[in-house]
Amino acid sequence: MRGITPGLWFQTENAWQWLFLAVAVAPLPAGLAAARRRGLERLTGMPPWAGVAVWLSIWALAVAFFGFVWDVTWHADLGRDQELFTVPHVLILLGLTGIGGAFVAAVALATRAGSAPGLRVGRLRVPVSAVPLGLLAAGALAAFPLDAYWHALYGIDVTMWSPTHLLMIGAASLTPIALWLMLREAGVHGQPGRARLLWLRMPAVVLVGLSTFQLEFDLGVPQWQ
């Protein structure tokens, strides 16, 4: 692969930065323990299929967003990286995988509940709002190997605005819209509690997600002609 030194697939310089990966994963066991103690519906204020999917997606988006901003600033300051799996890249991949996990959790818990709203696909019950969530996750994860192929053909670019980069960024950036639909499908908009507060804040989350497309401009990175 042009632009990547053979054998250097993982970041070795400043290896202490891999600790950020442990920090990113740390909320998951804590959340699982809290769910076991209090119950999913009581903890999230939503049906279990929606509660797990929404909060797992929010965690995943936060991790991916942190890795994305770090990666863009990395390239702005240092130019091309020499390894494929840098810490920012792994954080982005972890976040995108988390969105896919949220889709799987929504389908699994909706199927287990049986009475949850959604589409019937064989024995599965698929919430309608989980469909765009799953498609976005699939597109984002497919973009990662496609991006490696793109770089193998054309070398390593440092711009956000390559087709494969936009596929990854766009899928994550549009995910809040799917979560907004999921909150509506779960019926939290008409109920008091923290879930309704999240529903009311979703327009701001959607705008933050859409703003990621202009991050290079916001950081003053010189643009192409």
Side-chain angles (χ1 to χ4, degrees), residues 3-4 8-28 31 54-102 133 136-148 150-151 155-180 198 201-224:
I4 294 181
L8 289 181
W9 290 92
F10 289 88
Q11 176 184 334
T12 55
E13 188 177 358
N14 295 322
W16 63 269
Q17 293 178 352
W18 287 101
L19 292 174
F20 282 98
L21 192 62
V23 174
V25 174
L28 293 180
V54 168
W55 287 108
L56 182 58
S57 295
I58 290 174
W59 166 82
L61 288 173
V63 171
F65 182 74
F66 180 76
F68 169 63
V69 174
W70 186 355
D71 190 51
V72 173
T73 55
W74 172 307
H75 290 305
D77 291 340
L78 304 176
R80 299 179 178 181
D81 44 32
Q82 296 302 313
E83 303 91 3
L84 177 61
F85 292 104
T86 64
V87 177
H89 288 175
V90 173
L91 288 171
I92 294 170
L93 185 59
L94 177 63
L96 299 180
T97 303
I99 298 171
L133 185 67
L136 290 170
L141 291 172
F144 193 78
L146 290 174
D147 188 56
W150 173 274
H151 294 318
I156 295 184
D157 51 61
V158 294
T159 178
M160 285 171 46
W161 285 75
S162 68
T164 51
H165 288 173
L166 285 178
L167 182 56
M168 282 187 282
I169 296 166
S173 298
L174 296 175
T175 294
I177 299 177
L179 298 183
W180 201 2
L198 179 60
R201 292 168 181 165
M202 283 309 296
V205 178
V206 169
L207 290 177
V208 171
L210 295 177
S211 71
T212 56
F213 290 103
Q214 63 191 36
L215 181 59
E216 282 186 335
F217 180 81
D218 291 338
L219 295 175
V221 176
Q223 303 295 293
W224 61 89

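Scope of the values below: all heavy atoms of this structure, side chains included, with no hydrogens, waters or symmetry mates.
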(message) Are more than 12 heavy atoms, taken from residues, nucleotides or ligands other than Trp59, located less than 6.0 Å from that residue's CH2 atom?
(response) yes
(request) State the CZ-CG distance between Phe144 and Leu96, to the nearest 0.5 angstrom. (result) 9.0 Å
(message) Main chain of His89, side chain of Trp70: is a donor-acceptor contact present, judged purely on distance under 3.5 Å?
(response) no
(message) Please check this pair: side chain of Thr212 against backbone of Val208, looking for a donor-acceptor N/O pair closer than 3.5 Å.
(response) no
(message) With a 4.5 Å cut-off on side-chain heavy atoms, are Leu179 and Leu198 touching?
(response) no
(message) I need the minimum non-hydrogen distance between Ala60 and Gly95, along with the two atoms involved.
(response) CB-O, 3.1 Å
(message) What's the separation between atom OG1 in Thr86 and atom CD1 in Ile92, rounded to the nearest 0.5 Å?
(response) 7.5 Å
(request) Please report the C-alpha distance between Val90 and Trp18 in whole Å, then the side-chain angles of each, then the deciding distance to 0.1 Å, and finally whether the side chain to side chain contact (heavy atoms under 4.5 Å, CB included) criterion is met. (result) CA-CA 9 Å; Val90 173; Trp18 287 101; 3.7 Å; yes
(request) List the steps, then state whether side chain to side chain contact (heavy atoms under 4.5 Å, CB included) holds for Val206 with Trp180. (result) CA-CA 8 Å; Val206 169; Trp180 201 2; 3.8 Å; yes
(message) Nearest 0.5 angstrom please: Thr164 OG1 to Leu146 CG, how far?
(response) 7.5 Å
(request) Measure across Val63 and Ala24 and return the closest heavy-atom pair with its distance rounded to 0.1 Å. (result) CG2-CB, 4.0 Å
(request) Of all the heavy-atom pairs spanning Pro88 and Gly67, show the shortest one and how long it is. (result) CB-O, 3.5 Å
(request) Go through the structure and list residues passing side chain to side chain donor-acceptor pair (under 3.5 Å) with Ser57, not counting sequence neighbours. (result) none
(request) Would you confirm whether Ser173, through its side chain, and Gly209, through its main-chain N or O, come within 3.5 Å as a donor-acceptor pair? (result) yes
(request) Measure across Leu56 and Ala102 and return the closest heavy-atom pair with its distance rounded to 0.1 Å. (result) CD2-N, 3.5 Å
(request) Can you see which heavy atom on Ala143 is nearest to which on Met168, and at what distance? (result) CB-CG, 3.2 Å
(request) To the nearest 0.5 angstrom, please state how far the CD1 atom of Ile177 sits from the CG atom of Leu133. (result) 12.0 Å
(message) On a heavy-atom basis, which atom in Val205 and which in Pro176 lie closest, and how many Å separate them?
(response) CG1-CB, 3.8 Å
(message) Walk me through whether Leu210 and Leu174 qualify under side chain to side chain contact (heavy atoms under 4.5 Å, CB included).
(response) CA-CA 7 Å; Leu210 295 177; Leu174 296 175; 3.8 Å; yes
(request) Enter the distance from Thr97:OG1 to Leu141:CG here, rounded to the nearest 0.5 Å. (result) 5.0 Å
(message) Using 0.5 Å steps for rounding, measure from the OG1 atom of Thr73 to the CZ atom of Phe68.
(response) 10.0 Å
(message) Is there a side-chain contact between Val87 and Leu21 in this structure, where contact means two heavy atoms from C-beta onward sitting under 4.5 Å apart?
(response) no
